[in-house]
Amino acid sequence: METTILSLWQAVAAQDEHKLARFFTVDAQIFWPNTGEHFDLPGYLRANCDYPGRWSGQVEKVAGDGSYSVARVWSPEGAAARAVTFYYWRNGKIERMVEYWGDVGPAPDWRRGLSLA
């Protein structure tokens with residue numbers, strides 16, 4: 001599954017609707033809980049492929065069983081985020097995907113000095 005997830009992220013970054021669609025079942029459901037969005041496959045493809053601007057990404061971790069991945073993504077303008085994605089598979093295709101996006105950046109001033117790192 002790791003190779004499949006790496007290929008999936010390449011299609012996401014390329015905003016290639018046709019390549020991206022082949023990773024999903026036709027009745028796939030995609031959830032972005034941080035923004036309360038829920039997409040069917042056509043809606044997800046549109047949201048991803050119509051995203052303004054270009055960006056790149058690097059997959060940092062994939063679970064051995066293909067249940068989740070962690071990717072760091074960034075735009076040429078310097079904005080960066082991390083996506084943690086949970087995959088639910090049916091016959092080798094994604095039938096449900098739950099994805100959490102968060103900004104990458106320093107801790108806020110009020111929290112600096114509190115972490116152990």
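Reckoned from all heavy atoms, side chains included, excluding hydrogens, waters and symmetry mates. Source: prediction; values computed, not measured.
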[X] with [Y], same ILVMFWY side-chain cluster at under 4.5 Å:
X: Val59; Y: Trp74; result: no
X: Trp89; Y: Val70; result: no
X: Leu6; Y: Ile94; result: yes

Do [X] and [Y] make a side-chain contact, defined as non-hydrogen atoms from C-beta onward lying under 4.5 Å apart?
X: Leu20; Y: Val12; answer: yes
X: Gln29; Y: Glu95; answer: no
X: Thr4; Y: Phe23; answer: yes
X: Pro33; Y: Val98; answer: yes

Legend entry - Results of side chain to side chain contact (heavy atoms under 4.5 Å, CB included) for Ala63 - residues two or more places apart only: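 Ala63 satisfies side chain to side chain contact (heavy atoms under 4.5 Å, CB included) with Asp65, Ser67, Tyr68 only.
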
Legend entry - Whether over 12 other heavy atoms sit under 6.0 Å from Tyr51 OH: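 Incorrect, the count does not exceed 12.
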
Inset, instruction - Take Leu8 and Phe24 through the test side-chain contact (heavy atoms from CB on, under 4.5 Å) and record every step on the way to the result. - result: CA-CA 10 Å; Leu8 165 73; Phe24 294 88; 4.0 Å; yes

Among all residues two or more places apart in sequence or in another chain, which pass the side chain to side chain donor-acceptor pair (under 3.5 Å) test with [X]?
X: Thr35; result: Glu37
X: Glu60; result: Arg82
X: Trp101; result: Glu99
X: Ser7; result: none

Inset, instruction - Compute both the distance and the angle, then confirm whether Arg96 meets the cation-pi test with Phe31: under 6.0 Å from the six-membered ring centre, within 45 degrees of the axis. - result: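 Yes, cation above the ring, under 6.0 Å and within 45°.
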
Inset, instruction - Show your reasoning for whether side-chain contact (heavy atoms from CB on, under 4.5 Å) applies to Tyr100 and Thr85. - result: CA-CA 6 Å; Tyr100 296 88; Thr85 309; over 6 Å; no

Legend entry - Minimum-distance pair of heavy atoms, taken over all atoms of Ala47 and Trp32: CB-CH2, 4.2 Å

Legend entry - Ion pair Asp27/Lys93, N-O distance below 4.0 Å: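 No, no charged N to carboxylate O under 4.0 Å.
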
Inset, instruction - Just grab all the side-chain hydrogen bond (donor to acceptor under 3.5 Å, both in side chains) pairs involving residues 14-23, residues at least two apart or on different chains. - result: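 Residue pairs with at least one partner in residues 14-23: Gln15-Arg54.
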
Legend entry - CG on Leu41 to OH on Tyr44, rounded to 0.5 Å: 9.0 Å

Inset, instruction - Any chance you could measure Asp40, atom CG, to Arg46, atom CZ, to the nearest 0.5 Å? - result: 11.5 Å

